[in-house]
Amino acid sequence: MPTNICIDSITESYSALKDYRAWSFTGWSRLRSRFLKTKLGTLWVLLANILSISILALVYTQIFPSEDPVYFIAYIGTGYAIWTSMTSSMLSSLSLVEYHSDRIANTRRSHFFYVYEEIYYQLLNFAIGCLPILVFMFLLQMADDISALEIMILPRVILGFSCYIMFMYVTCIGCSLMGAYLPDISQVVPAILQLSFLTSPVMFSSSVLGRYALLSVINPLYLILKVVRDPLLWSGVNETSLATLIVCAVALMAASTVMTIIYNSFRYKLTSIA
Amino acid sequence: MLSLKGVSVLLDSRVSQTFKYNLGNGHDEAVGGKIVSSSRRIKKVKAIDNLTLEIKKGDRIGLIGHNGSGKSTLLKLICGIYIPTHGVIEGELFEPLLGRAFLVSEELSGIDAIKAHYLVNGSRRTQMSMDRCIDLISTQSGLGEFLSLPIKTYSRGMAERLMFCMMTLFSHRALAIDEGFGTTDAAFQGYVEKRLADYLGRTDSLVIASHSEAMLRSFCNKGLVMGSGRIVYSGCLNKCLDYYANEYMHR
């Protein structure tokens, strides 16, 4: 029965969610082990992003001179931080099944456990590497022109980030299944993401694209970036309304439910290929 | 109780590369499952073939057989890790003690491994605190201060001591154990045997796959001899061991 399948899938996902102490610890351990040999540890996540954004801001403000350089720097900084977080989550998820193959093959643990661990790991990267930058960009605009700050900023920002987390959940499941079942197509994903970055108005204004603006409209990654970024760029023209944010959030909730059902239906097949 | 009726398991295995050699000539039919279909890229292996079995509460069963006879697949079936391609499994599933990989990177310390194990496997089923678990494992394993060092600095024996103590920390009513569990250096072996006896003594039902006759005799009263995914002989453990020795070892 479809209702039973839906309930069973959501129950399975929720039971893995309740193990938050476990997957948050293993996710944090994974991040720690990446930088264990360095002196600055996980701070390198932030420093690497700051270095990248500084250089990119320096270059792009020269290539695309702007009337409002403060806004443009905030535009570049927030775009780069959010985009790299989204794409690194997708790329990492492609090898999710392979990375956890021993645990998948030898334990009865719910596969959603590994999805949540991966999302937590990416959120930690985001929190350490991108959140300080986003806060700085937010404050930078405030120092420049506080008059444009509205009271509805906070709900819009919260909705934007909720969309971001749900998008990460959907793509984590999608990419992990793609990596497990369509390994040839998953080899093309890094190239597609790179092309997507270069052809989307992440580091430049959308007006630069001219007649190729359609590329950004049909790019789901850029749409999510816009939904997350626009509330943070409150000092500029706000192209993403609250209604759009709500519609996006509802659509992602539906997508999350569908992906939960699909992933749950693959749980035993993943065990045999792990 | 657990009941398996007409259970078969078909596993797809991707062929890693095409050899120019005719490998079929070297195949011993007692080793590995039956290859039921084969293409250039995929081989379908029948790891379990039409198996019917009942495991009652209190049964302590030793699985005996060659490598690839289906012992591990059967263990995974009764633990719910695999589901049957055909047939039905009904009843209470077993708890697996199969893989022996740490839950954290080996760049991290033994304490991190214990914490991960406690949180993933035991925090919901035990009253023991995490600190108490760490103290207990530190004493039982004999590793002491070495637990603060990265796992990659441990010798194989030290890593096995830690793994063994972690895996026997929480008791279960029905356990499935794969071969090689609890094997370590001679100095630790006495502790392992005593600990296993105490640990498994608290378990109601047990299924162990092992090549060690001593281990099977210590903990099992029944046996199943497996070959090519089927049960070829079942009965009391001594008869199964004799059957295996006579039928297979002389080939």
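Each chain gets a letter, A, B and so on, in the order its sequence line appears, and its residues count up from 1. Computed from a prediction, not measured in an experiment: that's the story for all the values here.
- Note that CZ of R109(A) and CG of L103(B) are 6.5 Å apart. Values are rounded to the nearest 0.5 Å.
- Checked by atom type and distance alone, the side chain of R108(A) never pairs as donor or acceptor with a backbone atom of P96(B) at under 3.5 Å.
- Smallest separation of non-hydrogen atoms from F25(A) and D112(B): CE2-O, 3.4 Å.
- Of all heavy-atom pairs between L119(B) and A22(A), the closest is O-CB, 3.5 Å.
- Within 6.0 Å of atom CZ in F146(B), 12 or fewer heavy atoms from other residues, nucleotides or ligands are found, so the atom counts as exposed in its surroundings.
- Distance check: T107(A) OG1 to L97(B) CG gives 11.5 Å after rounding to the nearest 0.5 Å.
- Within a 6.0 Å radius of OH in Y20(A), other residues, nucleotides and ligands contribute 12 heavy atoms or fewer.
- Heavy atoms from other residues, nucleotides or ligands lying under 6.0 Å from CZ of R267(A) number more than 12.
- For residues 29-41 of chain A, a heavy-atom distance under 4.5 Å to chain B picks out S29(A), R32(A), S33(A), L36(A), K37(A), given by residue number.
- When all heavy atoms are compared, the tightest approach of I104(A) to I81(B) is O-CG2, 4.0 Å.
- For E106(B), no part lies under 4.5 angstrom from a heavy atom of chain A.
- Listed by chain and number, the residues in a ring-ring contact (aromatic ring centres under 6.0 Å, His included) with F94(B) amount to none (sequence neighbours excluded).
- Taken to the nearest 0.5 Å, the NZ atom of K115(B) stands 12.0 Å off from the CH2 atom of W28(A).
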